[in-house]
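A quick note: this is a predicted structure, and the numbers were derived from the prediction, not measured. Just the heavy atoms: all of them, side chains too, but no hydrogens, waters or symmetry mates, feed the values below. Labels below follow one simple rule: chain letters A, B, ... track the order of the sequence lines, proteins then strands, and each chain is numbered from 1.
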Amino acid sequence: MTTGKLTYLLLGLLLLVLFILGIGLGSADIGFMEAIKSLFKSADSSPEAYIIQELRLPRSLVAILAGAGLAVSGLIMQTLFTNILAGPHILGVSSGASLFVALTILAGSTLGDMSLPFAAILGALTISSLILFASRMLSSGTILLIIGVMIASFCSACVSLLEYYADSSALRSFVIWTMGDFSAVGKTHLPTLAVFVMMSVAICFAFSKGLNALLMGESGAHALGFRVKSLRTWILFITAVLAGSITAYCGPIAFVGLAVPNLVRFIVKTANHQVMIPLVLLTGACFGLLCDIISRLPGDDRTLPVNVASALIGAPVVIIILLKYQKSIR
Amino acid sequence: MIRFENAHIGYDHDLIEAIDFELPNSGIIGLFGKNGTGKSTLFKTIIGLQALRRGNIFIHHQNISEIPGKLLAKKVSYCPTQILSYGNLTVWDVVSNGRIPHLSWLGKLKTHDIELVENSLELMGISDIKQQLISECSDGQKQKAIIASALAQETSILLLDEPTAFLDYPSKQELLKQLSFISEAGKLIIVSSHDLDLFEELCDLKLLLSHHKIITSEDTDFNKYWDEFTTKGLAK
């Protein structure tokens, strides 16, 4: 128990440090102490307070929500497919969300419209149902992942086709969105994103008994009192809401869902979701903040796309996972 | 106690027809038969995973079709032949999952649950590897973890689907001892196996799946079917 509490404490501290770094770094030179003080002032009191409260704080909070939410959705998908290489991005779920968002943006919606999260959730749901259907016919996890990658490519091709025929202003806003961005959400849409993420994560946690049962196989879970089909459908729906809503607001962000749960597997030796979900949540939040900080490293007005940062950290992690878990990957 | 009443079992056609008998409250029941005769399907039907094609099955006088899943999970546990090695799934995780039907909705293990998990690990002789990953376990260790999980489920009926399939000879002998110990505690164990020589002596009752029927060792023509089954070289 003590090591468990220590892990939470250390992750909590790391999150705090990254949060302070996140609000302290940026093109305007505001010291860390000043940044912390500005959190408690009114936004109108000084230009620094305005920058912190209107720009950097929402952005850091979005990074926390998106990182945590994507990481949890990755963990749940991994359980659903009993494959530690599953995740919203690799299975094409994010691409499905992107395609539906592209259709909506290119049809005239702008970022922030409520139509976007719903389109993204619908897209995510469509692809994850397709993947779940495919997984029922396959015994090989490798084939499933390749099908996911193919679906992702197919969706990307459809998106490119849409881009080709789009007018330049819609195209620009869409292309920027695909690169991943925590700042576009802003203070106005932050509460909506927060509601989507926090509710879905809470529901995932409430499902932890069922998620644990799924690890016993289909008949095993049934013998523990679960109706596996309806359990799978509910869980799939929640992961689609998580991955879809985050994709709608921040763009298709790669690697978080795949890398974070596996990073946590290096820290704790259990598959119990009651332990895993909170830890994945915290680590995902840290990962999101870290990506945000890296994306702002150039130091001037320019920022790197979040996807560049997440791939820079995520890709090596995934390679290490592959090497470590080669035995248990089918 | 399990009672079958004109039960027809199978998927799109009957694998086993008109089962009509009653099993006792405790003891070891051996379930034998060629591959594909419906041993696993029978188990899946008892836990409600596969619907009956016709007839009824009663557990403690209650029709299984009327018992909610959560309640059935407190009466019957089922051990599949194998378990997936997934990520950081440990022996402890597998065994403690057996407690799921008894936990509150948040699923936190209480002191009593932890004791039961420890006891089950002890009984199966795998306490020393409880923190080991399933992916690092031998097939025999995995098998023991699955059975320990079913024990932790605290049911009066245990269904074991080919528990000896992946075990070496000493482990098989050991498992047999553990099974008779468990049945002496007043549990009913139904075990399917191809290890006839091992189970023949141990079983209180033998069930043979043949010609789309279940013939029990109490039936008069049992020996005829049993000889046909064993001498054709199909067993073992």
S.K.: Heavy-atom distances under 4.5 Å only: say whether A/V228 touches chain B with side chain, backbone, both or neither.
M.R.: neither

S.K.: Looking only at heavy atoms, which two atoms of A/M216 and B/S149 are closest? And how far apart?
M.R.: CE-OG, 3.6 Å

S.K.: Does any N or O in the side chain of A/K209 come within less than 3.5 Å of the main-chain N or O of B/L103, such that one atom is a donor and the other an acceptor?
M.R.: yes

S.K.: Rounded to the nearest 0.5 Å, what separation is found between the CG atom of A/N272 and the OG1 atom of B/T90?
M.R.: 8.5 Å

S.K.: Counting heavy atoms not belonging to B/E122, are there more than 12 under 6.0 Å from its CD?
M.R.: no

S.K.: Report which part of A/S208 has an atom under 4.5 Å of a heavy atom belonging to chain B: side chain, backbone, both, or neither.
M.R.: side chain

S.K.: Could you have a look at B/A73, B/P68, B/G69 and say which one has the most heavy-atom pairs with chain A under 4.5 angstrom?
M.R.: B/G69

S.K.: Could you check whether any side-chain N or O of B/N88 sits under 3.5 Å from a backbone N or O of A/A271, counting only pairs where one atom can act as donor and the other as acceptor?
M.R.: no

S.K.: Could you measure the distance from the CD atom of A/Q78 to the OH atom of B/Y86? Nearest 0.5 Å is fine.
M.R.: 5.0 Å

S.K.: With a 4.5 angstrom heavy-atom cut-off, which part of B/L133 approaches chain A: side chain, backbone, both or neither?
M.R.: both

S.K.: Atom NE2 of residue position B/H8 - does it have more than 12 heavy atoms of other residues, nucleotides or ligands inside 6.0 Å?
M.R.: yes

S.K.: Near A/M198 CE, under 6.0 Å, is it more than 12 heavy atoms from other residues, nucleotides or ligands?
M.R.: no

S.K.: Flag the one option from B/V94, B/L72, B/I46 with the top tally of heavy-atom pairs under 4.5 Å to chain A.
M.R.: B/V94

S.K.: At what distance, to the nearest 0.5 angstrom, does CD1 of A/I84 lie from CG of B/L89?
M.R.: 12.0 Å

S.K.: Is B/V76 in contact with chain A via its backbone, its side chain, both, or neither, using a 4.5 Å heavy-atom distance?
M.R.: backbone

S.K.: Do A/F226 and B/K70 come close enough that some side-chain heavy atom pair is under 4.5 Å?
M.R.: yes

S.K.: Under 4.5 Å heavy-atom distance to chain A, tell me which part of B/S40 shows up: side chain, backbone, both or neither.
M.R.: neither

S.K.: So for B/N97, is it side chain, backbone, both, or neither that comes closer than 4.5 Å to the heavy atoms of chain A?
M.R.: both

S.K.: On a heavy-atom basis, which atom in A/K269 and which in B/Q132 lie closest, and how many Å separate them?
M.R.: NZ-CA, 4.5 Å

S.K.: Is the count of non-hydrogen atoms from other residues, nucleotides or ligands lying under 6.0 Å from A/F237 atom CZ greater than 12?
M.R.: no

S.K.: Looking at every heavy atom in both A/S219 and B/K44, which two are closest together, and how far apart are they?
M.R.: CB-CE, 4.4 Å

S.K.: Output yes when a side-chain donor or acceptor of B/Q131 lies under 3.5 Å from a complementary backbone atom of A/T270, and no otherwise.
M.R.: no

S.K.: Which value, rounded to the nearest 0.5 Å, describes the distance between B/I100 atom CD1 and A/L224 atom CG?
M.R.: 5.0 Å

